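In this text, all values refer to a predicted model and were calculated from it rather than measured experimentally. Just so it is clear: chains get the letters A, B, ... in the order the sequence lines come, proteins before strands, and each one is counted from 1.
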There are 2 protein chains.
Amino acid sequence: MAFHSRNRSKLSDVARMAGVGNATVSRALNGGKNVSSEKMERISAAIDELSYRPNRVARSLKGASSGMIGMIVPSISDTFFSRCAEAVEAVAHEHGSLLVVIPSHENDETIISGLRQLLLHHVDGLLLAHSTPHSRELAAELRGLRLPVVGIDGPLTELGLPSVVCQNFRGATLATEHLLGHGYRKVIHVQVKPALYTMCERARGYVAAMKAARARPTTEIIANREDALAVLKRHVGAGAEPFGIFAGNNLTARYLCEAIRLLGLAVPQQVALLSFDDFDLADTLHPPTSVVEQPIDLMGRTAAKILFERLAAAVHGPEGRPTPAIMLGPRLVLRESCGCDPVRVRKAGQDDADRASDSLLAAVSGSG
Amino acid sequence: MAFHSRNRSKLSDVARMAGVGNATVSRALNGGKNVSSEKMERISAAIDELSYRPNRVARSLKGASSGMIGMIVPSISDTFFSRCAEAVEAVAHEHGSLLVVIPSHENDETIISGLRQLLLHHVDGLLLAHSTPHSRELAAELRGLRLPVVGIDGPLTELGLPSVVCQNFRGATLATEHLLGHGYRKVIHVQVKPALYTMCERARGYVAAMKAARARPTTEIIANREDALAVLKRHVGAGAEPFGIFAGNNLTARYLCEAIRLLGLAVPQQVALLSFDDFDLADTLHPPTSVVEQPIDLMGRTAAKILFERLAAAVHGPEGRPTPAIMLGPRLVLRESCGCDPVRVRKAGQDDADRASDSLLAAVSGSG
DNA sequence: CTGAAAGCGCTAACAT
DNA sequence: ATGTTAGCGCTTTCAG
């Protein structure tokens, strides 16, 4: 039980060794205000000597910061959220804080119980990734919280809480316009989980872009590969004309790609594809899939930064005035599935990887 | 500061309401031993009434369990580790514990400082995923720890600590034998990060299988797509004969796939591919990539389970006797890149998804 | 079986 | 500027 304290020196040990009072050591530890530089020296010498580190638990019990922040995400293993978490952890680390991650499985009750558990552990603040509309209970729970909370991926605007999201609407518009720009007169939107905030925004953006181009928007909801197959069959069968698909997220794109492969459809000759959210092998797929890339790392870092700012400013709980969500811009990553010219695309590539493979490609074809 | 305790009832409130002493409530909370059933009733009624939840921090300060476990992984966003973490979290949740994840970036010093930070926060136990050989410092740190530690992915056997790993050797043997079984006389092994324990084991398994088949093993180390390109060029150029590649992990496979695409190589006609560790779009790639699948979820759950067992048994620190690592079996997932017949493969598919798409496929080709 | 009392290591008044 | 003191909420002897 008491294996924590094995040999570990405590604040009073430091005080004794430095020949000062406990409070002085505590003060020295917390900013060193109101401590003479002479004692400051003696204290830090003693700290080094004893290799003393303050016990976060005791500190936390007393009411000071616990050095932990919580993050509630739909799923820990989902690429998007694990990358968010990684960015958040990086910022937390800079602030000497630990990150506790709890999966919600998109269930409001799970969120509430997770929230309470985090509270019991005295976390200093909370990041909440939740893009389904919250239940009344969750809203109440959040409203009653005296703890800095920042939303990520889904806005907490209605609750007066700050949040960081991607410009889903804009990304969708960009994608749709791009597809339209390739000359496809018919561009459909396929998505999963239409209830999600992010999906709604993307669908809205798609519709807006279609309307602006005087084209007729069509949104299809799918839940699996079989649905994708059915949707594809229907639209391919409807006319010989090639058409574009704007996929709502990478899961949608995955179902679609699988279905396309099963049907033996030519991309982009028969169907052009552009998906929201980049994914690992998008580049390696046949053909490479064009995507709207979200600034995941920036989203995570920004949200965490806001949280720590509030922590420092001791701004707990909702503000009186509504807090607009910070919306970060997505980026079109053009590969080939949207109909872009492979050569032009490769030429336009700006990063080193692209350039490097260019020259190697040339070398290879020269030797083959 | 004191926003944690806002209205929150404490143990003494429960005691007062139930008309018993603090100690009795505490006992009731911790197993209810030595408490009359009558007071037990009154206490639990009071707990419900006040919706009391014990403060984990206070409990932890006093020396009891903190309700938190730590996990140190090379990277939070890496699919393998985030899936491990998810499994671990599930078990932790069952035990009412929180999971704190720290990324090590495969750096021993980072691990050590992370370790110490976790200690300061009184975590009850630790899961360590680290498959590079540990430095003397890390070994010493680990040895001195009075805390249950369980290794995952890499063994901590030398330190007398339990660990859970995949049968990397066996998986590699399986893969190599399978490739050999397809009739490829030449099968090479390509990998990244040869220093990793996992990679060593896989390379050993490959070599063993090759030797058993009286074939000459060739292991190539790559670090990026360009290396993959160079390796491929060399081996394709070396002879017209098709050959097999056993890729050490999914990153290797990815580089290889990209390079294969850039070179326009036919898979499996010119190069057959079989990779260790499944990945998201393996199925959608052209052709679908065969892999050795690791029981990731089981690994995470098992490691966590062992940790909680030790926690319950109060077995802290290394055992006297060496603790053999628990080695979980991988599974060959045969798709097409290894040379398996697409039709046969699909027929052999046992899960619903496969069956479902089969029938749909039939429907589709019938209508086309 | 039960309650009173003594801390766990730290911070924050409150004196000085 | 500095020391003394009183807890934070809980567990745990130690007496009954």
* Structure fact -> Picking from D:dC10, C:dA12, D:dG9, the nucleotide nearest the side-chain atoms of B:L11 would be D:dC10
* Asked: Between the side-chain atoms of B:K62 and the base atoms of C:dG7, is any donor-acceptor pair under 3.5 Å?
  -> yes
* **N/O (side chain, B:T24) to phosphate O (OP1/OP2, C:dG3) under 4.0 Å** => yes
* **Nearest to side-chain heavy atoms of B:S36, which nucleotide of C:dC1, C:dC10, D:dG3** => C:dC1
* Closest non-hydrogen atom pair, A:S104 against A:I72 -> CB-CG2, 3.8 Å
* Asked: Are any of B:N30's side-chain N or O atoms less than 4.0 Å away from OP1 or OP2 of D:dT11?
  -> yes
* To do: Specify the separation, in whole Å, of atom CZ of B:R8 and atom P of D:dC8.
  => 16 Å
* Asked: Under 4.0 angstrom, heavy atoms only, what part of the nucleic acid is B:V20 near: base, sugar-phosphate, or nothing?
  -> sugar-phosphate
* To do: In whole angstrom, give the distance that lies between atom NE2 of A:H121 and atom C1' of D:dC10.
  => 14 Å
* Structure fact -> B:N34 CG to D:dG16 C1', in whole Å, measures 14 Å
* Structure fact -> The side chain to side chain contact (heavy atoms under 4.5 Å, CB included) partner of A:V88 among A:R301, A:H93, A:M71 is A:M71
* **Partners meeting salt bridge (Lys or Arg N to Asp or Glu O under 4.0 Å) with B:R42 (sequence neighbours left out)** => B:E38
* Looking at C:dT2, C:dG9, D:dG9, which one has an atom nearest to any side-chain atom of A:K10? -> C:dG9
* To do: Report yes or no: is there a donor-acceptor pair, N or O only, under 3.5 Å between the side chain of A:R56 and the base of C:dG9?
  => no
* To do: Calculate the interatomic distance between A:L29 atom CG and C:dC10 atom P; express it in whole Å.
  => 8 Å
* Checking all strands, does A:N55 fall into the base, sugar-phosphate, or nothing category for heavy-atom contacts under 4.0 angstrom? -> sugar-phosphate
* To do: Would you kindly give the CG-to-P distance between A:N22 and D:dG7, to the nearest whole Å?
  => 17 Å
* Picking from C:dT2, D:dC10, C:dC8, which would you name as closest to the side chain of B:R27? -> C:dT2
* Asked: Under 4.0 angstrom, heavy atoms only, what part of the nucleic acid is B:V35 near: base, sugar-phosphate, or nothing?
  -> sugar-phosphate
* Asked: Could you state the CZ-P distance from A:R53 to C:dC10, rounded to the nearest angstrom?
  -> 11 Å
* To do: Provide, to the nearest angstrom, the distance between the CD atom belonging to B:E38 and the C1' atom belonging to C:dT2.
  => 12 Å
* Asked: Do other residues, nucleotides or ligands put more than 12 heavy atoms under 6.0 Å from A:H95 NE2?
  -> yes
* Length of the line joining A:Y52:OH and C:dG9:P, which is rounded to integer Å -> 10 Å
* Structure fact -> Residues B:L145 and B:L119: closest non-hydrogen pair is CD1-CD2, 3.8 Å
* OP1 or OP2 of C:dC10 sitting under 4.0 Å from any side-chain N/O of A:S26? -> no
